There are 4 protein chains.
Amino acid sequence: MNRSSTPPAPRVVPLTPRGQRTRGKLLRAAETLFGEKGYEHASIADITREAEVALGTFYVYFPDKQSIFVEVVDDLGARLRRLIAEAVAGCEDRMAVEREGLRTFFQFASQQRHLYRIVRQAEFVDEACYRRYYDRFARGYVSGLKRAMDAGEVNRLDPEALAYCLMGMGDFLGMRWVLWESDAGLEHVLDTAMAFIRHGLDARPAEAPTGNKKKGSRTPRGSRSKT
Amino acid sequence: MNRSSTPPAPRVVPLTPRGQRTRGKLLRAAETLFGEKGYEHASIADITREAEVALGTFYVYFPDKQSIFVEVVDDLGARLRRLIAEAVAGCEDRMAVEREGLRTFFQFASQQRHLYRIVRQAEFVDEACYRRYYDRFARGYVSGLKRAMDAGEVNRLDPEALAYCLMGMGDFLGMRWVLWESDAGLEHVLDTAMAFIRHGLDARPAEAPTGNKKKGSRTPRGSRSKT
Amino acid sequence: MNRSSTPPAPRVVPLTPRGQRTRGKLLRAAETLFGEKGYEHASIADITREAEVALGTFYVYFPDKQSIFVEVVDDLGARLRRLIAEAVAGCEDRMAVEREGLRTFFQFASQQRHLYRIVRQAEFVDEACYRRYYDRFARGYVSGLKRAMDAGEVNRLDPEALAYCLMGMGDFLGMRWVLWESDAGLEHVLDTAMAFIRHGLDARPAEAPTGNKKKGSRTPRGSRSKT
Amino acid sequence: MNRSSTPPAPRVVPLTPRGQRTRGKLLRAAETLFGEKGYEHASIADITREAEVALGTFYVYFPDKQSIFVEVVDDLGARLRRLIAEAVAGCEDRMAVEREGLRTFFQFASQQRHLYRIVRQAEFVDEACYRRYYDRFARGYVSGLKRAMDAGEVNRLDPEALAYCLMGMGDFLGMRWVLWESDAGLEHVLDTAMAFIRHGLDARPAEAPTGNKKKGSRTPRGSRSKT
DNA sequence: AATGAATGAGACTTCATTCAT
DNA sequence: CATGAATGAAGTCTCATTCAT
């Protein structure tokens, strides 16, 4: 189980337009079914039935079940990243980027409610594909954060760690308020998240419990170097 | 065909000490195997082999595979929560609680490397159990955060949203630096996380790009009310 | 499957009254469960659960599942035969015996709705027991019919063949109007059956279609139109 | 766990001639094995072995064991009804129909010695199928009897009740003299049955116990003595 | 390019029976 | 007498994959 390898996949690129169409139908059907029933419980027969092609046709386009799954996950990630990139294109500062990114992610998850089920399954089907999914998002965060740090716009901290912090937040908030609670109170949660991203818990240093709550006393900006 | 009356109803609590021991062996074996191979690929036969009992013995104690899985997940969550509770018992302020909590979680995940695989599978095996797992952690966060807010120790924001932010961060950092990278650079990541939790990205308001980086200008403490 | 032997069964006769009670509970539970779920689907565990004794206790009183089943069937037959014998004891002629016998059988089948299920299963569990069940009834019919024939009360025909005719009729009528239709219209069916038993279809000989009804003496055609 | 959509839906009607052949082989094998070992003891593996196909092939054509059983029973009933219909086609009167029908049934039961085992099992496998089996025969009886009654050929009684009387007789006689005793004395039994059908027990009314047992009154006793 | 019949390993689950206590 | 834990063979059903057409 769980072959962690993923060699670039000798994708059978069909030549005829008819083949292209069939292949596309299979991919769409697979996405639907992996989302509905999970990888293990979605059978090839389910997929071909949904795609309205014969069982054997599957193996004309994909060498095995794992391959189509990996392609579905990769596609899903690519689509989401493209959407986010477009959404944040016009943002003026990092906070706006964060907010738009989050909002776009929530929207996507809300429309493609199977997103979570599919991505999470990847961990058990093809670990490389799973890591790749998050790595690619992280890369986007890292470059964006670095730019913002260089611009003195945000605190200078390890950008990759921050990337995983931000992804984790988004992931869990989406799980809780999009997937589980179907968007109720989502805007308020977004505000909370933005406040948190902007200032964290804004806690006073524990080592100075003298009560002097004056803002001035707060950790001086410069101290954050370290990274 | 005619199935009207009582379901088999396996012994949930064994009556004899011998039974208790066997049941425990099965639970431990199941945890190991669900962690190693995942729910779908760990067979009952695998579990009984690992537990060194006969195949049929499984069904003396559990009605089916799902049941033992749910019990494993609930146990795992309970153990982790107890560990964390003990670890943060002596902490003086919220930041210390966060740091100790995170550290304890990373430690646990590092020792029980199957933690992630098991909990993530829960989503596909028994969704209620999966939600329960996070809900219980969230509840702990919420009560702790409320207390800290009341003490004026941290920013007042929606505590449940914060709970999911903090859990998501911990979860993703652990996945990246404990699970994937085996603890390398973990301390540094912990520091970053703590800095983020304390001050977020510490971003200047976008609407005041005047460049005056003096601390004083930062969002005044009181403003955070909102929630 | 279906061992057709049935050596007199070395019935374990328990000595203590307590044992008697336990054995009786098991027999009653077995009858209930064989009736409800059928022989194959009623497990020993079901039976002991119903009897409120431990699983192992079963094997104190019965060597195996088949044995208790055979005893249940034999008991059931004996009870029914005793009831019928009592019911027809006061009957003055054979027709009255037939009517009372049928009525008693229908009553019993209506109260012990599992009767059919149990007896029919016997064919597949222990054929000897199955045949014995009908043979014993047949013996009663045969001796009664012979007596009636000797008394010139009924037509002289092969009594064993008649016995199976009469049993078959009773069995099928009971199946149709007691088991399937729960006693609705049962009295009317009983009347029809009695008319059939008394005169059959009352058909004219085919070989004399000349219309000359000289036997005319016989029960006039129109007279019994009840239906 | 997540089982929401389409059930597998096996090919009920195979699309290719090859499939037709395989399906037929399975049906024939199933009939043989259900007859030999009974429903519960005939395994799918037994059936596919007999049919000389792989185990999995079974599930290409039937969703489960019960389905093929029901089809076997329905087929068996249809074949028998067709045979009887053909056999009685040329009969001139109702008595001839009864005799030919019985004879044909005995012949069929003698050749297909598994008939009883299969039909009786149906009660436990699929009750609807069991009832259907007898209902369809009953329907034939009913329409035939009605016609004969209208023609003044036989006594007018409730035809459905008569149908079950006649079926029960045939069934039990066949069980006793075809199944258990393998046709010995069958002709004689047929004669007895016909005499019974024609005149029943030919009993004098009980309400006329005047003691005058002289034949003189009703149908002359001696006339039909054959036994 | 497309089809669908065929395969068989392997999964989960049941249950009559044994046995130590 | 009574208990209940333990056993393992056997059964039903699933499904990824192959292959002849």
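Every heavy atom of this structure was used, including side-chain atoms; hydrogens, water molecules and symmetry mates were not. Chain naming here is simple, since letters A, B, ... match the order of the sequence lines and numbering starts at 1 in each. The structure presented is a predicted model; accordingly, all values stated were derived computationally and were not measured.
Of the listed nucleotides (F:dT3, E:dT17, E:dT14), E:dT14 has the atom at the smallest distance from the side chain of B:Y59. Among F:dC13, E:dC12, E:dT7, the nucleotide with an atom closest to any side-chain atom of D:K65 is F:dC13.
Rounded to whole angstrom, the span from the CZ atom of C:F62 across to the C1' atom of E:dT18 amounts to 18 Å. Distance, B:R23 CZ to F:dG4 P: 17 Å, rounded to whole Å. Taking atom CD of residue C:E52 and atom P of nucleotide F:dG4, one finds them 13 Å apart after rounding to whole Å. Look at CG on C:D64: it is 17 Å from P on E:dC15, rounded to the nearest Å. Here the P atom of nucleotide F:dC13 and the OH atom of D:Y61 are 18 Å apart, to the nearest Å. If you measure from atom CZ of B:R49 to atom P of E:dG10, you get 11 Å, rounded to the nearest angstrom. Rounded to whole angstrom, the span from the CD atom of A:E40 across to the C1' atom of F:dC13 amounts to 17 Å. To the nearest angstrom, C1' of E:dT13 lies 15 Å from CD of B:Q66.
Residues A:F34 and A:H114 have side chains not in contact (no heavy-atom distance under 4.5 Å, counting atoms from C-beta outward). Here the side chains of B:E36 and B:E50 are not in contact, with every heavy-atom distance at 4.5 Å or above. Residues D:L115 and D:L76 are in side-chain contact: their nearest non-hydrogen atoms beyond the backbone lie under 4.5 Å apart.
Remark: F:dG11 base-pairs with E:dC12; criterion is Watson-Crick or G-U wobble with both hydrogen-bond distances under 3.5 Å. Remark: E:dT21 base-pairs with F:dA2; criterion is Watson-Crick or G-U wobble with both hydrogen-bond distances under 3.5 Å. The partner of E:dA1 is absent, by the rule that a Watson-Crick or G-U pair needs both atom distances under 3.5 Å.
OP1 or OP2 of E:dA6 has at least one side-chain nitrogen or oxygen of D:T22 nearer than 4.0 Å. For E:dT7, one of the phosphate oxygens OP1 or OP2 lies less than 4.0 angstrom from a side-chain nitrogen or oxygen of D:T57. Remark: D:T16 is not in phosphate contact with F:dT21, judged by side-chain N or O atoms under 4.0 Å from OP1 or OP2.
Side-chain atoms of D:D75 do not come within 3.5 Å of backbone N or O of D:V72 as any donor-acceptor pair. Between the C:Y61 side chain and the C:G24 main chain, no donor and acceptor come within less than 3.5 Å of each other. Looking only at distances, no side-chain donor or acceptor of C:D74 sits under 3.5 Å from a matching main-chain atom of C:E71.
Contacts of C:S43 with the nucleic acid, taken as non-hydrogen atoms under 4.0 Å apart, involve only primed sugar atoms and P, OP1 or OP2. At the heavy-atom level, D:I44 lies under 4.0 Å from the strands shown only through sugar-phosphate atoms.
Heavy-atom distances to DNA chain F give each of D:A42 and C:A54 a nearest nucleotide, and the one nearer the 5′ end belongs to C:A54. Each of C:R18 and A:F58 was assigned the nucleotide of DNA chain F with the nearest heavy atom; the assignment lying further toward the 5' end belongs to C:R18. Nearest-nucleotide positions on DNA chain E for C:L55 and D:G56 put D:G56 closer to the 5' end.
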